[in-house]
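These notes are about the structure you will find just below.
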There are 4 protein chains.
Amino acid sequence: MLNKVILIGRLTKEPDLRYTTSGIAVAKFTLAVDRRFSKDREKEADFIDIVVWQKQAETCANYLGKGRLVAVEGRLQIRSYDDSQGIRRKAAEVVAENVRFLDRAKESGAVAGENQGYGSEIGFNEDDIPF
Amino acid sequence: MLNKVILIGRLTKEPDLRYTTSGIAVAKFTLAVDRRFSKDREKEADFIDIVVWQKQAETCANYLGKGRLVAVEGRLQIRSYDDSQGIRRKAAEVVAENVRFLDRAKESGAVAGENQGYGSEIGFNEDDIPF
Amino acid sequence: MLNKVILIGRLTKEPDLRYTTSGIAVAKFTLAVDRRFSKDREKEADFIDIVVWQKQAETCANYLGKGRLVAVEGRLQIRSYDDSQGIRRKAAEVVAENVRFLDRAKESGAVAGENQGYGSEIGFNEDDIPF
Amino acid sequence: MLNKVILIGRLTKEPDLRYTTSGIAVAKFTLAVDRRFSKDREKEADFIDIVVWQKQAETCANYLGKGRLVAVEGRLQIRSYDDSQGIRRKAAEVVAENVRFLDRAKESGAVAGENQGYGSEIGFNEDDIPF
DNA sequence: TTTT
DNA sequence: TTTT
């Protein structure tokens with residue numbers, strides 16, 4: 001019913017951009033999200049796979065690289081599949097709805113994450129609120 | 001850059017549905033969101049104003065009433081305005097992106113919250129992932 | 001840095017309650033979180049593993065059962081391990097910080113969700129998981 | 001029941017640090033959170049008041065200044081009060097549970113965000129706010 | 001492997 | 001398998 005994930009972390013390497021047979025862009029990358037433990041504990045991270053679709057996939061591939069800091073908003077998806085050895089496996093990945101770039105782009109000031117979801121962003125005028 | 005609010009609470013009364021001059025539906029209601037304090041403290045709630053636009057506004061008006069339990073996902077919006085006495089005021093409201101009904105509807109089993117944001121929900125086939 | 005997951009879904013069966021060798025309660029259960037697709041698509045769900053620690057683990061075990069509706073707030077944790085066949089696997093689970101009961105308890109009106117911070121911050125050893 | 005806010009934005013000025021009569025640190029600052037609209041629309045922001053308690057309040061006061069980029073996780077709180085002219089007003093603020101510094105600190109590499117749970121759960125009196 |  |  002509700003499935004919301006919000007992460008801030010750094011890319012472990014360049015995004016991997018591909019296209020489905022029907023021509024839709026998909027990018028994948030892994031986010032290192034540091035855990036915060038007591039100081040004496042080893043610094044650890046969760047390495048979380050991110051999937052981005054369509055135009056945002058291409059923007060991520062164009063502007064993101066290893067070490068870049070991003071905020072990802074999406075949903076947690078659990079997929080079952082058989083690997084190359086025929087072993088049944090489960091894959092967890094966050095399907096990104098929005099990716100925000102939190103440090104400066106390498107070659108440009110570009111910003112990803114066109115957000116098309118909010119009512120107030122679809123172009124009607126909020127000054128015209130009837131309350 | 002990121003502005004995400006997730007609330008679970010109960011409507012304090014029926015939603016108020018109106019239309020902008022350009023014909024767009026807007027519903028408003030207030031959510032009572034209980035705080036969790038130590039047992040000895042008064043039980044209190046935050047009363048948070050919710051704004052819903054377009055088709056979801058009408059679904060909320062049709063199916064929600066006083067006391068109904070909902071989950072709201074949206075963004076926090078701060079608006080400045082002058083009240084009827086000419087006093088400058090700030091209004092805080094959560095602009096809902098999705099409203100989920102968490103208990104049974106009074107007159108129907110209807111469900112609001114058509115979600116149009118996620119890539120995987122826009123109709124391409126995830127079995128066709130090129131990874 | 002930031003790792004936040006919020007889910008609403010139904011338990012697929014009773015929680016499994018165990019204790020670490022040092023006597024700390026841990027409960028596990030799976031949440032079925034329905035995806036929302038276009039009407040013509042199969043209704044599907046993500047089946048997401050939840051881990052709960054300490055007092056909340058016992059509250060969940062006492063009051064939750066198959067089909068119960070809950071809201072879970074926590075963080076996404078990726079663990080690597082070797083399964084019984086010696087195959088390296090990754091497990092994804094949501095470590096719950098709070099579990100809210102959204103429908104009536106079977107035998108009582110009890111409410112869980114005492115917020116004590118993350119299990120992993122109170123000093124017990126997560127390598128000591130009895131699963 | 002659930003009241004979760006996650007924001008990323010920039011401080012509009014230095015945090016204002018005070019102490020309650022019982023000696024508890026409280027910091028307040030305003031976060032400018034850019035909205036994302038269609039390109040032709042004015043760039044706008046929501047200016048959201050943040051309250052931080054205890055040790056994090058002092059860390060924020062020590063390390064944050066105007067323009068700094070932070071992620072705030074907290075809950076939305078609506079307070080009613082009478083202003084200096086005796087006019088009843090409502091104030092909305094986000095009570096921060098965690099503040100993460102997303103760009104480099106001015107004078108140090110310090111990191112805030114020790115997670116101690118909500119201020120309001122540790123027993124001090126929120127009516128005793130020195131603002 | 002699965003919930004309503 | 002991994003980021004700063």
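In the text below, chain A, chain B and the rest are named by the order of the sequence lines, each starting its count at 1.
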Tell me whether the OP1 or OP2 atom of F:dT3 has a side-chain N or O from A:Lys66 closer than 4.0 Å.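 It does, given that an N or O in the side chain of A:Lys66 lies less than 4.0 Å from OP1 or OP2 of F:dT3.
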According to a strict under-4.0 Å criterion, is C:Arg68 in side-chain N/O contact with OP1 or OP2 of E:dT4?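 No, because none of the side-chain N or O atoms of C:Arg68 sits under 4.0 Å from OP1 or OP2 of E:dT4.
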Just how far, in rounded Å, is [atom2] of [N] from [atom1] of [X]?
X       : N     : atom1 : atom2 : value
A:Arg88 : E:dT2 : CZ    : C1'   : 13 Å
C:Asp46 : E:dT2 : CG    : C1'   : 12 Å
C:Lys13 : E:dT3 : NZ    : P     : 9 Å
C:Ile78 : F:dT1 : CD1   : P     : 13 Å
C:Asp16 : E:dT1 : CG    : P     : 18 Å
A:Leu64 : F:dT2 : CG    : P     : 21 Å
C:Ile50 : E:dT3 : CD1   : C1'   : 13 Å
C:Asn3  : F:dT4 : CG    : P     : 19 Å

Could you tell me if C:Tyr19 and C:Glu58 have a donor-acceptor pair between their side chains, going purely by distance under 3.5 Å?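 Short answer, yes.
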Which pair of non-hydrogen atoms, one from A:Val33 and one from A:Ile8, has the smallest distance, and what is that distance?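 Result for this residue pair: CG1-O, 3.6 Å.
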Starting the side chain at C-beta, find the nucleotide from [options] nearest to [X].
X       : options             : answer
A:Phe47 : E:dT1, F:dT2, E:dT2 : F:dT2
C:Asp34 : E:dT3, F:dT1, E:dT1 : E:dT3
A:Thr12 : E:dT2, E:dT3, F:dT3 : F:dT3
A:Ala45 : F:dT3, F:dT2, E:dT2 : F:dT3

Short side-chain to backbone donor-acceptor contact, A:Arg10 and A:Arg68, under 3.5 Å: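 Side chain of A:Arg10 to backbone of A:Arg68, a donor-acceptor pair under 3.5 Å: no, none is there.
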Any base atoms under 4.0 Å from C:Gly67, or only sugar-phosphate, or nothing? Heavy atoms, all strands.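 Sugar-phosphate only.
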Are A:Asp16 and A:Lys28 ion-paired here, with the side-chain N under 4.0 Å from a carboxylate O?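 Salt bridge flag = no for A:Lys28 with A:Asp16.
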Is D:Asp34 salt-bridged to A:Arg100, going by a charged N under 4.0 Å from an acidic O?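 Salt bridge: no.
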